[in-house]
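Quick note on labels: first sequence line is chain A, next is B, and so on, each numbered from 1.
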Amino acid sequence: MNNTSSIFNKQNNISFKRLNKRLIILNAFLLLGFFGVQIFVTSFVGTKTQEIDYTRNQKTNLRQQNSFLEAEVAKEKSLTQAQGIIEKYSLSEKEVNFLQEANLQGVALNYNP
Amino acid sequence: MKKKTVQPTLSSRIKIIHLAFIIFAICLSLFAGRWQLIDAAKFDLLAKNRLQNQTLTSTRGSIFAKDGTTLAYTEPRVKISIWLPDLEFYKNQTREELIRKVAPIIDKTPETLAKEIKDFESQGINNIVLGNDLTKDKWEQIKNLKTDKNPNVYMLGFSYEFLPKRIYPEGRLASHVLGLTNLYKDELIGEAGIERRYTDVLKPIEGLVSGEADARGLTITSSLLETIEPSNGSDVYITINKKLQSVVERMLKEGVEKYAADSGSVIIQDPKTGEIMSLANFPDYDPNIRAETDPKAYGDLAITSPYEIGSVGKIMTVATAIDLDLITPETIVLPEGHQGCEKIHNDLQPVCTWDKRPQPPMPAKDCFQKSDNLCFYHIAEKIPRKDFYDHLVSFGVGSSSGIDLKEESIGYLKSYDAWNVGDLSAFSYGHGYLMNAVQAINFTSTIANYGVRMQPLIINKIVGADGNATEYKPTVINRSVKKETSEAVVNMMRYNFTKSIPEWNYWQLSNYDIGVKSGTALIANSSGYSTNINATFVGFDASSERTFTMLVRLENPKIPDYDRLAFYNVRPLWLDIFAGVKDIIGVPTK
């Protein structure tokens, strides 16, 4: 009876050690897999963060610059600004007489095709 | 003696693992409980801090004159702040250095700025605003400041915020039409004029970028939400002719000062389309500065201030009588003439002409030219009251002119079944009902436009941020009188013009085909009427081109003091303005 029990215990010990070994190997594989997947994901996604932040900031800055420029254009389109240019370059108003377009009706043209 | 080793059995090992799992689960539950219940607020805050929302600003739409030149636009201004604890954090720079370099840029001395910062610090305020209205140039100067220690390193510690500032580059020009804005919660809100009426159209749409950040503050890419793009407000083009407006405002100011009036208004309208080419009031204000203390300066008196238009209303009375075939311009209204005054009812004061002088029998056109109140009372007597009422309504009395501005105040017209003889008499010569100046010019334009009343048009087009334009087309309100009636009234007003310019300096204006009418009305007060007057003068191009209608009003002119009738103040002002604007409008000569 004792003999039988010790044999059984021995067998249990052996199978438990084997199970432990297998679990350790499995854990090692899982750990490797976990880090592998993390490296894979971060290499695809995580490393773009700075680029995205940079592009986003660039976009915001450009938008801001654009609103400054729009304001500048609007300012330049005002009469006050035109008046300033007139004063700056000492421009003066002149009476301009445009030549009248010739009205050839009733005129005897000396023309022989 | 050999030591006996006790080998753990499989069941005892399983029990140990089981126990370990249970202990782990209990710990996990305790931690979860602590996170969920005790530290919930702390983690909630941490999570919120990881959520990054960035508002993308855009600008309010601009307002342009009809020729496309700018009347109002938005300029971004920069609010620059410093966070005091940060200043000690950066090792390349010192506080003294920052103060020394920033102070001249924000127009302060280093001593003043240092004192201000110290004062705030002593009150426990760490966030200090250096300036909230800085231009782009100043912002860039601050942004590009370098440290003394390392000239390649920028100074740090500033935070920037962009705020919109509304600019009116022409100052006072068309200030009442444009209105003004105020900054409320970093947003421009329209408070009057076009700025108020079209505030939702001009208003920009802010954008948003939303995402989560990691512990280092870097964006977690997978958490980025779709960006909501911002959109600028739409641009509004108004019908105002800037050159015309400029001349009108200058001459109105001179006129108000010359005749010592309390205020004045001028409106020029295209009678064919209803377009308001110019609308000016004086006193006015500069919407950039708003330094005026007189509240009157800020109101658009042309639409907010209804008044009795006086004899200008005779245009409607005579048009009604002619339209109903009751008289013609040649009809003798009083075959016996009159004595200057006439008692029309025992309970009422007698009706008198302006000079209270007897007149011989006159045709209607002379009654009109002499602005004879007694004649007009007897013309009105011939008109059935309901027909008179209906005509006044069809000319726009008692209802909105339809101008696309929010502040319009319209006068009241009593229902015809409640009229008494006093009302009839008052209505016949333009008293008893109130009209604002836009309503008044609009019925005058109706006569000029062959009897068709157009809606006063102030908006030309609206151009959205996407470039799509919505054009505003002229709109017919109604036909007020027959075409033949309008022609007859135009002839009477033309006749009036030829008799209106005795002065030699206006003789050159007789080369123009113009129709006019003046009106003088006492200003009512709480006890009846004061001795102050409102003087109004309307007129239009009576040539086939019908290029313009113009109304000029002076409130309480005190000069000339011997006679304050419209003939002596607002009439010459109208003629002066006409002489100044006729070539800009392109009024044809005869």
Student: Give, for atom CD of A:Q64 and atom OG1 of B:T59, the distance between the pair rounded to the nearest 0.5 Å.
Tutor: 9.5 Å
Student: Flag the pair B:T57 / A:R63 as yes when at least one side-chain heavy-atom distance between them is below 4.5 Å, and no otherwise.
Tutor: no
Student: Hey, is the main chain of A:A74 close enough, under 3.5 Å, to the side chain of B:T70 for a donor-acceptor pair?
Tutor: yes
Student: With only heavy atoms counted, which part of A:E70 is less than 4.5 Å from chain B, the side chain, the backbone, both or neither?
Tutor: side chain
Student: Counting C-beta onward and ignoring hydrogens, is there a side-chain heavy-atom pair between B:E170 and A:S78 closer than 4.5 Å?
Tutor: yes
Student: Can you tell which of B:P76, B:S246, B:S62, B:P230 has the highest number of heavy-atom pairs within less than 4.5 Å of chain A?
Tutor: B:P76
Student: At a heavy-atom separation under 4.5 Å, does B:T74 approach chain A through its side chain, its backbone, both, or neither?
Tutor: backbone
Student: Is there a side-chain contact between B:Y73 and A:K77 (heavy atoms, below 4.5 Å)?
Tutor: no
Student: Do B:E229 and A:K59 have side-chain heavy atoms sitting under 4.5 Å apart?
Tutor: yes
Student: Could you label the plane-to-plane angle of the A:F68 and B:F162 rings as parallel, tilted or perpendicular, counting under 30° as parallel and over 60° as perpendicular?
Tutor: perpendicular
Student: Going by heavy atoms in the side chains, are A:Q65 and B:K136 under 4.5 Å from each other?
Tutor: yes
Student: Checking heavy atoms, do the side chain of A:S67, its backbone, both or neither come under 4.5 Å from chain B?
Tutor: both
